[in-house]
Amino acid sequence: MKQQGAALVIVMALLSGALILGVSGMNSALIDERLAGNYRASVQAQMNSDSMMSDIHSSIIEDSDPDEKLNVLKGNVEEGEEVVYTWKEVVDLLGFKNTLDNTGKMKVKVTVEGDEVIITTQDDGTNNYAARQTVATYRRGGDEDSGSDGGGNNGGGTGDNGDESLNPFEDPIVGCEGVATSGTVLFGSYRSSSEIDWRDQLGRFSEQNKALIRTTSDSADINLNGSGEVYGSVEALGNVYLNSVGIQGDVFSNGSITSDNSWEYPVGGNLESVRDIFINNDTKVLGYVKAGGNIITEKDNFRVGEAIYAGGFFKSTLDDPTQHLAFDNRDNFFPYTSPGLTPLEPQVCDNFNFSGNNLSQQMSSYQSDINNQGSITVGSYPNNEWRITPEKIERYDETWNVRNWVDYASSQDNQFLGEDASLYHIDSLVFTGSPKLSISGGDVVLIIDGDFITGTGGSNVIGSIVIDEDSSLTVFAGGKVSLGTNVNISEEDSLTTSGRPRFSIFSNYDKGGDGVVVNGGDVSNNGGFTKVAVNIYAPFTQVSINSGRIFGGLRAKSIRVSGNSAIVYNEDLASAFYNGGAEGSEDSGSTGEGSWELADWR
């Protein structure tokens with residue numbers, strides 16, 4: 001009579017708990033089933049895309065005339081244009097047997113960029129609307145080392161295998177042991193041969209997902225700080241740190257990636273780390289995020305456009321971590337799933353072949369073979385003005401009873417990159433006062449044992465170094481190099497009329513500190529900072545750019561950029577340096593009209 005139904009309440013509570021656990025388990029099983037199905041569809045789409053590319057490549061290389069086969073696929077596509085084929089049209093064009101089923105949503109895109117033909121095979125959703133693509137780049141001239149060694153779309157980057165290069169600026173911006181920025185820094189590319197303003201050409205590397213900035217040594221980091229922009233992809237053999245720098249491309253790291261980027265500075269491509277990814281701000285990634293290890297974020301507004309893959313766990317402050325993905329792609333969430341990333345391979349920094357020598361060997365050879373002709377100070381009275389031609393060096397003597405050009409030294413015959421050249425060997429070249437150095441009459445090579453210092457003085461509006469449009473200046477420097485505000489060479493003047501690099505510096509300096517410095521400052525005729533079209537090859541020292549703009553290629557042991565600076569790679573350098581002077585190369589004079597060869601596969 002005193003029972004109040006306690007047993008019933010307890011039983012009902014237990015039943016309710018069991019029901020909740022059962023429903024939760026069913027929901028978890030349904031989610032796992034959907035994730036597994038989506039992952040299978042994604043893998044199948046990638047396999048379809050890879051199979052399409054494999055069939056195309058096999059058809060090309062197995063043909064008696066591979067060049068003609070690729071030209072058929074290229075058709076009449078003009079540079080910068082794109083043509084899209086159905087898979088059936090490609091099979092008919094190349095004349096091979098179709099091995100794929102259900103090809104209605106498979107297509108092939110062909111794009112022409114300079115001496116490159118870019119083929120993209122894409123499955124647009126044969127299986128459960130999963131879309132994946134494979135990209136292969138074919139390049140004229142037999143530049144075999146310029147891309148990866150192929151083998152699939154695994155995010156392994158586009159770096160070469162570390163062998164000698166026929167082009168010192170094959171990779172646009174390379175800080176072998178590290179790249180660090182602070183301030184408002186811009187990285188991009190342009191073509192000096194184009195009539196379009198360089199500011200409207202910056203995005204070519206981002207459009208093609210090519211690496212614009214790279215490191216090449218084990219554990220070499222890239223630290224991008226400030227309010228800058230990178231119009232291309234970033235690849236590091238060490239860690240990558242992003243802080244208020246927009247990336248119009250992919251980011252790939254052998255180490256970890258840490259992002260303090262806010263929504264104002266999105267990653268326009270993919271974020272890929274062989275190790276872990278740490279998101280410390282409201283970072284926005286338009287592509288996918290892949291980590292061989294863990295992905296950790298404490299920001300609710302971290303957003304990813306396409307998919308998330310983590311070999312380990314995904315840690316988030318959200319109860320439902322799939323909410324980090326765009327609404328339509330929230331099924332593309334794959335923790336504890338290996339993304340299959342292939343680490344980048346290391347590469348020697350001094351990888352250019354100077355007719356069989358490395359840089360140090362070439363410098364020593366010049367120093368022993370060519371007589372030393374003393375030191376030159378440009379801008380010191382009475383010799384404010386100097387001029388150099390392939391025949392001789394002259395100085396203008398302003399002494400009241402002379403006031404005429406006076407011979408200083410005659411050129412000495414030698415070779416540069418396998419060709420006959422006019423060379424001079426001096427102790428140092430230093431600018432002071434109101435200097436002017438003119439280069440005319442052809443190609444000039446200076447071997448400088450010590451420093452090459454231009455300083456910041458002078459009143460020449462057009463700059464203290466003037467190089468005629470049909471001439472070039474190449475400097476080999478054993479000491480420090482400093483380009484100051486009085487060096488202004490327009491981006492339009494990057495190449496000579498014959499297509500040679502107009503101004504190049506090869507630094508053999510291997511002491512501590514900055515071996516090459518570009519110092520900006522108050523340059524009223526140039527928007528407030530130094531602007532110089534120059535190519536810098538400094539594999540043994542750090543290059544520092546302080547509020548200056550460089551238009552050309554840059555390869556250094558390390559790179560430090562600060563202030564209001566820019567490094568804008570000239571894509572026309574690919575053919576300008578192609579001859580390379582490699583021993584045994586019958587095509588050393590080639591201008592890029594050789595056979596088509598596979599340069600990259602991703």
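Heavy atoms only: backbone and side chains are in, while hydrogens, waters and symmetry mates are out. Computed from a predicted structure; not experimentally measured.
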Exercise for the section: Tell me, please, which residues at least two apart from N254 pass side chain to side chain donor-acceptor pair (under 3.5 Å). Expected result: none
Problem - N329 side-chain N/O to N332 backbone N/O, donor-acceptor pair under 3.5 Å - result: no
Practice task
Would you indicate whether the side-chain heavy atoms of I119 and M53 approach each other to under 4.5 Å?
Solution key: yes
Completion exercise
To the nearest 0.5 Å, atom CG of D250 lies from atom CG of L212 at 12.5 Å
Completion exercise
Note: I559 and V174 closest approach over all heavy atoms is CD1-O, 3.4 Å
Handout entry: Residues which pass salt bridge (charged side-chain N to carboxylate O under 4.0 Å, His left out) with D221, listed by chain and number, not counting sequence neighbours
Key = none
Problem - D171 side, atom CG; R555 side, atom CZ - distance, nearest 0.5 Å - result: 6.0 Å
Handout entry: Ring-ring centroid check H324 F314, cutoff 6.0 Å
Key = yes
Problem - For the student: nearest non-hydrogen atoms of A220 and C176, plus distance - result: CB-O, 3.3 Å
Handout entry: Partners passing side chain to side chain donor-acceptor pair (under 3.5 Å) against S58 (at least two apart in sequence or in another chain)
Key = none
Handout entry: Within-4.5 Å side-chain heavy-atom neighbours: I247 and L242
Key = yes
Handout entry: Side-chain touch I545/V185, heavy atoms, less than 4.5 angstrom
Key = no
Handout entry: Student check: side-chain heavy atoms of N535 and I505 closer than 4.5 Å
Key = no
Completion exercise
Closest non-hydrogen atoms of Y569 and G553, given as atom of the first, atom of the second and distance, are CD1-CA, 3.9 Å
Handout entry: With sequence neighbours excluded, residues passing side chain to side chain donor-acceptor pair (under 3.5 Å) with S256
Key = none
Problem - Check: S507 side chain, A538 main-chain N or O, donor-acceptor pair, under 3.5 Å - result: no
Handout entry: N/O donor-acceptor pair under 3.5 Å between S59 side chain and H57 backbone
Key = no
Practice task
Cation-pi check, K290 to Y309: give yes when NZ or CZ is under 6.0 Å from the six-membered ring centre and within 45° of the ring axis, no otherwise.
Solution key: yes
Problem - Modelled atom types, side-chain donor and acceptor of S244 and S227, under 3.5 Å - result: no
Problem - Pair I257-N239, side chain to side chain contact (heavy atoms under 4.5 Å, CB included): steps then yes or no - result: CA-CA 6 Å; I257 296 176; N239 302 320; over 6 Å; no
Handout entry: Candidate pair S360 and F540, rule side chain to side chain contact (heavy atoms under 4.5 Å, CB included), full reasoning
Key = CA-CA 10 Å; S360 297; F540 312 119; 3.5 Å; yes
Practice task
For Y85, enumerate each residue passing the ring pair (Phe, Tyr, Trp, His ring centres under 6.0 Å) test, keeping only those at least two apart in sequence or located in another chain.
Solution key: none
Handout entry: side chain to side chain contact (heavy atoms under 4.5 Å, CB included) assessment of E229 paired with Y231
Key = CA-CA 6 Å; E229 197 77 24; Y231 289 89; 3.5 Å; yes
Exercise for the section: May I ask you to test the F313-I295 pair for a side-chain heavy-atom distance under 4.5 Å? Expected result: no
Practice task
Indicate whether the side chain of S253 and that of S273 have a donor and an acceptor atom separated by less than 3.5 Å.
Solution key: no
Exercise for the section: List the atom of L341, the atom of G292, and the distance in Å for their closest heavy-atom pair. Expected result: CD1-N, 4.5 Å
Problem - Side-chain heavy atoms of W263 within contact of R303, under 4.5 Å - result: yes
Exercise for the section: Check for a donor-acceptor pair, side chain of S189 on one end and backbone N or O of E571 on the other, with a separation under 3.5 Å. Expected result: no
Table please: side-chain donor-acceptor pairs of residues 276-283 below 3.5 Å, with sequence neighbours left out.
residue, atom, partner, partner atom, Å
D276, OD1, N294, N, 2.7
N281, ND2, D260, O, 3.0
T283, OG1, S259, OG, 2.8
T283, OG1, N261, O, 2.8

Practice task
Answer yes or no: is there a side-chain heavy-atom contact under 4.5 Å between V108 and I56?
Solution key: yes
Exercise for the section: Could you tell me whether the side chain of N270 reaches within less than 4.5 Å of the side chain of V285, counting heavy atoms only? Expected result: no
Exercise for the section: Provide the closest heavy-atom pair for G268 versus L286 in the form atom of the first, atom of the second, distance. Expected result: O-CB, 3.5 Å
Fill in the blank from the handout: Closest non-hydrogen atoms of T181 and N225, given as atom of the first, atom of the second and distance, are OG1-N, 3.1 Å
Exercise for the section: Give a yes-or-no answer on whether the side chains of Q347 and T216 include a donor-acceptor pair shorter than 3.5 Å. Expected result: no
Exercise for the section: Kindly compute the distance separating CG (D123) from CE (M106), expressed to the nearest 0.5 Å. Expected result: 4.5 Å
Problem - Gap between atom NZ of K109 and atom CD of E82 - 0.5 Å precision - result: 5.0 Å
Fill in the blank from the handout: Sorted by chain and number, sequence neighbours left out, salt bridge (charged side-chain N to carboxylate O under 4.0 Å, His left out) with R560 holds for D514
Exercise for the section: Can you measure from OG (S558) to CD (E177) and round to the nearest 0.5 angstrom? Expected result: 7.0 Å
Problem - Between OG1 on residue T137 and CD1 on residue I118, distance to nearest 0.5 Å - result: 5.0 Å
Completion exercise
The side chain to side chain contact (heavy atoms under 4.5 Å, CB included) partners of P539 (sequence neighbours excluded) come to C349, D350, L359, Y537
Handout entry: D92: partners by salt bridge (charged side-chain N to carboxylate O under 4.0 Å, His left out), with sequence neighbours left out
Key = K88
Fill in the blank from the handout: Sorted by chain and number, sequence neighbours left out, side chain to side chain contact (heavy atoms under 4.5 Å, CB included) with E306 holds for Y288
Fill in the blank from the handout: Residues at least two apart in sequence or cross-chain that pass ring pair (Phe, Tyr, Trp, His ring centres under 6.0 Å) with F551, listed by chain then number, are Y190, W198
Problem - By side chain to side chain donor-acceptor pair (under 3.5 Å) - contacts of T120 (at least two apart) - result: none
Handout entry: Verdict with reasoning, L417 to F352, per side chain to side chain contact (heavy atoms under 4.5 Å, CB included)
Key = CA-CA 10 Å; L417 300 185; F352 185 47; 3.6 Å; yes
Practice task
Answer with yes or no whether the side chains of Q133 and S49 bring together a donor and an acceptor at under 3.5 Å.
Solution key: no
